[in-house]
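The next block holds one structure in the form of structure tokens; read it before the comments.
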Amino acid sequence: MGPLTMHKVGVVGCGLMGSGIAEVCARAELDVVVIEVDTDALELGQSRVVGSLDRAVRAGKLEDAARDDVLSRIRFTTDFAELHDRTLVVEAVAEKEQLKVDVFSAIDAAVTSEDAVLASNTSSIPIMKLAAVTPQPQRVIGMHFFNPVPMLRLVELVPSLLTSPETVARAEAFCIGQLDKHIVHCKDRAGFVVNALLVPYLLAAIRMVESGFASAAEVDTGMIDGCNHPMGPLALCDLIGLDTIQFVAQSLYAEFKEPLYAPPSLLMRMVEAGLVGRKSGHGFFDYPAHK
Ligand SMILES: NC(=O)c1ccc[n+]([C@@H]2O[C@H](COP(=O)([O-])OP(=O)(O)OC[C@H]3O[C@@H](n4cnc5c(N)ncnc54)[C@H](O)[C@@H]3O)[C@@H](O)[C@H]2O)c1
């Protein structure tokens, strides 16, 4: 293990992203503690990790015994105090600023090592806002993974104005050397690189459906068959989660005041109705098996 290695990882929030981050860390032979808000969410998070590993076994990408080894490296708990000995904690709770601020304070209070790196998987909230609630902002960095984490190799690394070069170096070494990810460096601006480009495209697709210009299926077929995209924008909205897209759009709009980032009414109504995509079973399309 080199001097930059971070072997004890905490993941806070075990939804779509946290479960994937915990899985890739455990598959990289790291010791992982997963924190959830209550026991129901914890069980759901654990079943997400187990389900993903089972799919990898069925696809022939993981041995049965390796699956059990991976699971044995993850401890699931609701007790933030269990983060005390972590060298890296990745926060992956929902994209709500106040929630993240509160969770970041709790992580900072729980982690005892002054050298530990505190990372956020936020898609759009400025890292500086999270770093500002900790007494050591130099150890805070954005580490933005992509969904599904076990399949997509990119991580955007986002230092705030106060992140130390050492924290950046350790985060780079972690993502590249330990997780075998590709990284791009981004400035601390809402949306970073990928979402600043992707979200206006997704919102434009939603506006097309909202106006009756084309159906969700037609929009998606257009982009798959016309542009060779692997997935249409509305199926991608369902995969990401409409609630997450709404939060990200709101953050982008709050930062840049550009109409192209404003969440369309249809998106807000679908979120209010609980039609948030695959994770709820319904979004622009139906997913009976994902309920
Ligand atoms: N969904 C995506 O495609 C995607 C991609 C990249 C980044 N992100 C970002 O990742 C983060 C998480 O998104 P997600 O899609 O996994 O959301 P999600 O809603 O699937 O999961 C969030 C999890 O956080 C948990 N949580 C809430 N409050 C908590 C608390 N106080 N302590 C511990 N856990 C708590 C919830 O129970 C839930 O399981 C967001 O910042 C989002 O912007 C999402």
Side-chain angles (χ1 to χ4, degrees), residues 10-24 33-49 51-52 76-83 89-110 119-127 129-130 133 142-158 175 181 184 186 190-199 202 231 233 235-252 263 271 274 276-281 283 290-291:
V11 179
V12 180
C14 195
L16 283 180
M17 296 304 292
S19 60
I21 296 165
E23 179 185 333
V24 296
V33 167
V34 166
I35 308 277
E36 257 293 352
V37 66
D38 57 35
T39 47
D40 286 350
L42 195 64
E43 272 175 30
L44 194 60
Q46 188 162 4
S47 68
R48 279 198 183 98
V49 177
S52 173
F76 293 88
T77 176
T78 56
D79 184 4
F80 272 72
E82 298 228 13
L83 294 174
V89 178
V90 184
E91 169 278 310
V93 303
E95 190 76 349
K96 297 178 187 166
E97 190 173 315
Q98 192 55 50
L99 173 65
K100 284 201 188 275
V101 162
D102 294 345
V103 165
F104 238 77
S105 297
I107 294 170
D108 182 74
S120 174
N121 188 48
T122 179
S123 304
S124 61
I125 296 168
I127 302 306
K129 286 196 176 167
L130 304 178
V133 301
M143 197 180 271
H144 185 228
F145 290 83
F146 286 77
N147 177 25
V149 183
M151 287 170 64
L152 295 188
R153 289 194 76 184
L154 185 68
V155 179
E156 290 176 320
L157 279 189
V158 191
C175 293
K181 296 286 188 190
V184 293
C186 307
F192 317 132
V193 170
V194 174
N195 278 321
L197 293 170
L198 178 66
V199 170
L202 298 180
M231 178 182 268
L236 183 54
C237 287
D238 284 352
L239 177 71
I240 294 169
L242 272 59
D243 48 348
T244 299
I245 293 172
Q246 179 182 311
F247 294 136
V248 176
Q250 283 165 339
S251 299
L252 285 161
V271 172
V276 294
R278 282 187 192 222
K279 63 186 167 187
S280 71
H290 282 80
K291 266 200 159 175

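Values below: every heavy atom of this structure, side chains too, minus hydrogens, waters and symmetry copies. We count ligands from 1, going down the list as the structure has it; atoms in each ligand are counted the same way.
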Checking heavy atoms under 4.0 Å, the part of Phe145 that sits near ligand 1 is backbone
Got the closest protein heavy atom to atom 16 (O) of ligand 1, with its distance? Met17 N, 2.8 Å
Can you tell me if Glu156 uses its side chain to pair, donor with acceptor, with the backbone of Val194 under 3.5 Å? yes
Please write down residue, atom name and distance for the protein heavy atom closest to atom 11 (C) of ligand 1. Val93 O, 3.3 Å
What atoms in ligand 1 come closer than 4.0 Å to a heavy atom of Ala41? 37 (O)
Quick check on contacts: which atoms of ligand 1 are under 4.0 angstrom from a heavy atom of His144? 6 (C), 7 (C)
Among side-chain atoms of Glu91 and Ser120, is any donor-acceptor pair under 3.5 angstrom? yes
Looking only at distances, can you tell me whether any N or O atom of Glu91, backbone or side chain, sits closer than 3.5 Å to an N or O atom of ligand 1? no
I need the minimum non-hydrogen distance between Ala190 and Ser251, along with the two atoms involved. CB-O, 4.1 Å
Using distance alone, determine whether Asp243 and ligand 1 share an N or O pair under 3.5 Å. no
Around atom 41 (O) of ligand 1, find the nearest protein heavy atom and jot down its residue, atom name and distance. Glu95 OE1, 2.5 Å
Residues Thr122 and His144: side-chain donor-acceptor under 3.5 angstrom: no
Numbered in order shown, the ligand 1 atoms found under 4.0 Å of a heavy atom of Val12 are 33 (C)
Identify the two heavy atoms, one from Met143 and one from Val155, that lie closest to each other, and give their separation to 0.1 Å. CG-CG1, 3.8 Å
Which atoms from ligand 1 have a heavy atom of Asn147 less than 4.0 Å away? 2 (C), 3 (O)
Top protein contact for atom 10 (O) of ligand 1, by heavy-atom distance: Asn121 ND2, 2.9 Å
May I ask you to identify the nearest protein heavy atom to atom 20 (O) of ligand 1, giving residue, atom name and distance to one decimal place in Å? Leu16 N, 3.0 Å
Considering both backbone and side-chain atoms of Val248, is one of its nitrogen or oxygen atoms within less than 3.5 Å of a nitrogen or oxygen in ligand 1? no
Can you tell me the protein heavy atom closest to atom 30 (C) of ligand 1 and the distance? Val37 CB, 3.7 Å
What are the two closest heavy atoms between Leu239 and Leu16, and how far apart are they? O-CD1, 3.6 Å
Please state which protein non-hydrogen atom is closest to atom 21 (O) of ligand 1 and give its distance, to 0.1 Å? Gly15 CA, 3.3 Å
Between ligand 1 and Leu239, is the shortest N or O to N or O distance under 3.5 Å? no
List the atom of Val248, the atom of Ser123, and the distance in Å for their closest heavy-atom pair. CG2-CB, 3.6 Å
Shortest protein contact, atom 17 (O) of ligand 1 (heavy atom only): Lys279 NZ, 4.3 Å
Region of Leu99 engaging ligand 1 - heavy atom pairs below 4.0 Å: side chain
Ligand 1 atoms nearer than 4.0 angstrom to some heavy atom of Ala94 are 22 (C), 24 (O)
Give the numbers and elements of all ligand 1 atoms closer than 4.0 Å to a heavy atom of Lys100. 40 (C), 41 (O)
Output yes when Lys279 and Asp243 qualify as a salt bridge under the 4.0 Å nitrogen-oxygen rule, no when they do not. yes
Any side-chain donor paired with an acceptor under 3.5 Å for Glu95 and Thr244? no
Heavy-atom closest pair, residues Phe80 and Ile35: CE1-CG2, 3.5 Å
Compare every heavy atom of Ile127 with every heavy atom of Phe192, then report the nearest pair and how far apart it is. CZ-CD1, 4.4 Å
Are any of the N or O atoms of Glu36 closer than 3.5 Å to those of ligand 1? yes
So, regarding Val103 and ligand 1 (criterion: nitrogen or oxygen to nitrogen or oxygen, under 3.5 Å), is there a contact or not? no
Can you list the ligand 1 atoms lying under 4.0 Å from a non-hydrogen atom of Thr122? 41 (O)
Ligand 1-proximal atoms of Ser123, by part, heavy-atom distance under 4.0 Å: both
